[in-house]
Amino acid sequence: MSTAPRLPTFLIIHGSWHYPELYGTFCKAIENRGAEVVCPRLPSCSGDITPTKTIEDDVALIRDIAQSLVQKGKEVFAVMHSYGGMVGTDALEGLGIQRLIYLAAFVPFYGKNLVDMCGGSMAPFIVCDEQGMARVPDAASVFYQDLPDDEAAFWAERLVPQPASAQLNPITHEAFRNIPATYILCEDDRAIPVSIQEKMISDVQNAGASMDVIRIPASHSPFLSMPDSTAEIVVNLAAK
């Protein structure tokens, strides 16, 4: 008697200042293609003004969720957006994840933090306040310039502050060493310029790790500007 193939499960790891609501259309597009989706809210992006959580809390949450999914027999594919690449690279080593999918995401090496990935200083569009919170005042033009103006403004207004410490604390694992990886490079990205995306990819490849590349004509946020075609890409990667 034949058994039905297991549905892939996509673990979506969101970026700084974001949270699951902003990925809702993208998640639904994946589900509509016959897959399961898990998109937890990272503790550092809780929206709390007092900065009590940082990247270590994010890593711990994602590792616990991924481990639970794998133990339940799920075939897990991680889709990491932006800062989510920092979290997933640290959290997912040795868990039996099927593939790492970096969506305009950071790909750090051991001991590196987000500031290191940006050349030694925070990105110029980030502003930090006296409470230790980082924000992006002009998020619409940095993250969502390929959306209609009203939609870009709508989502930009809903972003939450994140503790600046999330940008400063280093990661301690390199999941891409032993898990197949694909990088979805966004060619119109203003947050992580193409040159930085390309350098991260080449650094990983030069270090002896395998990383396929798919290029798309999108801003930093294709989960909003082209959710269906982006969902199609990640589902097809799982079907390989």
Side-chain angles (χ1 to χ4, degrees), residues 8 10-33 35 37 39 42 45 77-89 99-108 114 117-118 123-126 136-159 176 181-205 211-240:
F10 289 91
L11 174 58
I12 312 298
I13 308 176
H14 66 74
S16 293
W17 310 291
H18 290 65
Y19 47 92
E21 180 187 350
L22 285 90
Y23 298 77
T25 302
F26 176 56
C27 292
K28 186 63 176 177
I30 294 174
E31 291 172 340
N32 289 342
R33 287 163 172 79
V37 178
C39 184
L42 297 180
C45 296
F77 297 79
V79 180
M80 302 162 287
H81 174 240
S82 195
Y83 165 80
M86 302 291 295
V87 176
T89 299
R99 180 171 291 274
L100 304 173
I101 303 172
Y102 290 88
L103 177 60
F106 291 100
V107 191
L114 196 54
M117 303 301 294
C118 294
F125 53 79
I126 298 173
V136 182
D138 195 19
S141 66
V142 174
F143 298 146
Y144 314 127
Q145 83 273 9
D146 55 352
L147 286 173
D149 290 347
D150 57 340
E151 290 183 30
F154 176 87
W155 293 116
E157 290 169 1
R158 280 155 180 76
L159 298 185
F176 56 78
T182 297
Y183 197 101
I184 302 176
L185 187 152
C186 293
E187 296 177 323
D188 297 322
D189 196 329
R190 294 179 180 174
I192 308 179
V194 169
S195 60
I196 295 179
Q197 295 180 69
E198 290 174 336
K199 184 179 187 305
M200 290 188 294
I201 294 164
S202 64
D203 285 347
V204 168
Q205 294 170 338
M211 179 170 282
D212 302 329
V213 183
I214 298 171
R215 304 177 74 101
I216 60 174
S219 70
H220 190 59
S221 306
F223 55 91
L224 283 172
S225 61
M226 42 192 294
D228 283 301
S229 57
T230 307
E232 187 75 14
I233 289 170
V234 301
V235 170
N236 286 342
L237 286 170
K240 280 188 177 181

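When reading the values below, keep in mind they use all heavy atoms of this one structure, side chains included, and skip hydrogens, waters and symmetry mates. For the single chain, residues carry numbers from 1 onward in sequence order. If you're wondering where the values come from, they're calculated on a predicted model, not measured in any experiment.
Inter-residue side-chain proximity for L224 and T25 is flagged as unmet; no heavy-atom pair is nearer than 4.5 Å. When side chains are defined from C-beta on, W17 does not count as touching L22, because their heavy atoms never get closer than 4.5 Å.
Across all non-hydrogen atoms, the minimal contact from M86 to L114 is CE-N, 3.5 Å. Nearest heavy-atom pair across F10 and A238 is CZ-CB, 3.6 Å. Across all non-hydrogen atoms, the minimal contact from A218 to M226 is CB-SD, 3.5 Å. Residues I192 and A104 approach most closely at CD1-O, 3.3 Å, considering heavy atoms. Taking both residues in full, the closest heavy atoms of H14 and P20 are given as CD2-CD, 4.0 Å, listed atom of the first, atom of the second, then distance.
Under the 30°/60° scheme for interplanar angles, the aromatic rings of Y144 and H18 are found to stand perpendicular.
Interatomic distance, C39 SG to I13 CD1, rounded to the nearest 0.5 Å: 9.5 Å. The structure places CG of D203 at 12.0 Å from CD of E198, a figure rounded to the nearest 0.5 Å. In this structure, the separation between CD1 on I214 and CG on L237 is 4.5 Å, given to the nearest 0.5 Å. Here the CZ atom belonging to F143 is positioned 7.5 Å from the OG atom belonging to S16, to the nearest 0.5 angstrom. Here the CZ-CG distance, from F26 to D228, works out to 10.0 Å after rounding to the nearest 0.5 Å. Distance CG/L147 to CH2/W155: 9.5 Å, rounded to 0.5 Å.
A side chain to side chain contact (heavy atoms under 4.5 Å, CB included) with M80 is found for one member of L11, V87, V107, L100 and no other, namely L100. Tested against V234, the residues I30, T182, I12 include a single side chain to side chain contact (heavy atoms under 4.5 Å, CB included) partner, I30.
Between the side chain of H81 and the backbone N or O of H220, at least one donor-acceptor pair lies under 3.5 Å. Distance alone, capped at 3.5 Å, places no donor-acceptor pair between the Y83 side chain and the F106 backbone. Remark: the backbone N or O of D188 is paired with a side-chain donor or acceptor of Q145 at under 3.5 angstrom. Between the side chain of Y19 and the backbone N or O of R158 there is at least one donor-acceptor pair closer than 3.5 Å. Q205 places a side-chain N or O within 3.5 Å of a backbone atom of M211 that can act as its donor or acceptor partner. Between the T230 side chain and the P227 main chain, no donor and acceptor come within less than 3.5 Å of each other. Between the side chain of Q197 and the main chain of C186, a donor-acceptor pair closer than 3.5 Å is present.
With 3.5 Å as the limit, one finds no donor-acceptor pair spanning the side chains of S141 and R190.
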Verdict with reasoning, I201 to Y102, per side-chain contact (heavy atoms from CB on, under 4.5 Å): CA-CA 10 Å; I201 294 164; Y102 290 88; over 6 Å; no
Step-by-step side-chain contact (heavy atoms from CB on, under 4.5 Å) determination, M200 to Y183: CA-CA 10 Å; M200 290 188 294; Y183 197 101; 3.6 Å; yes
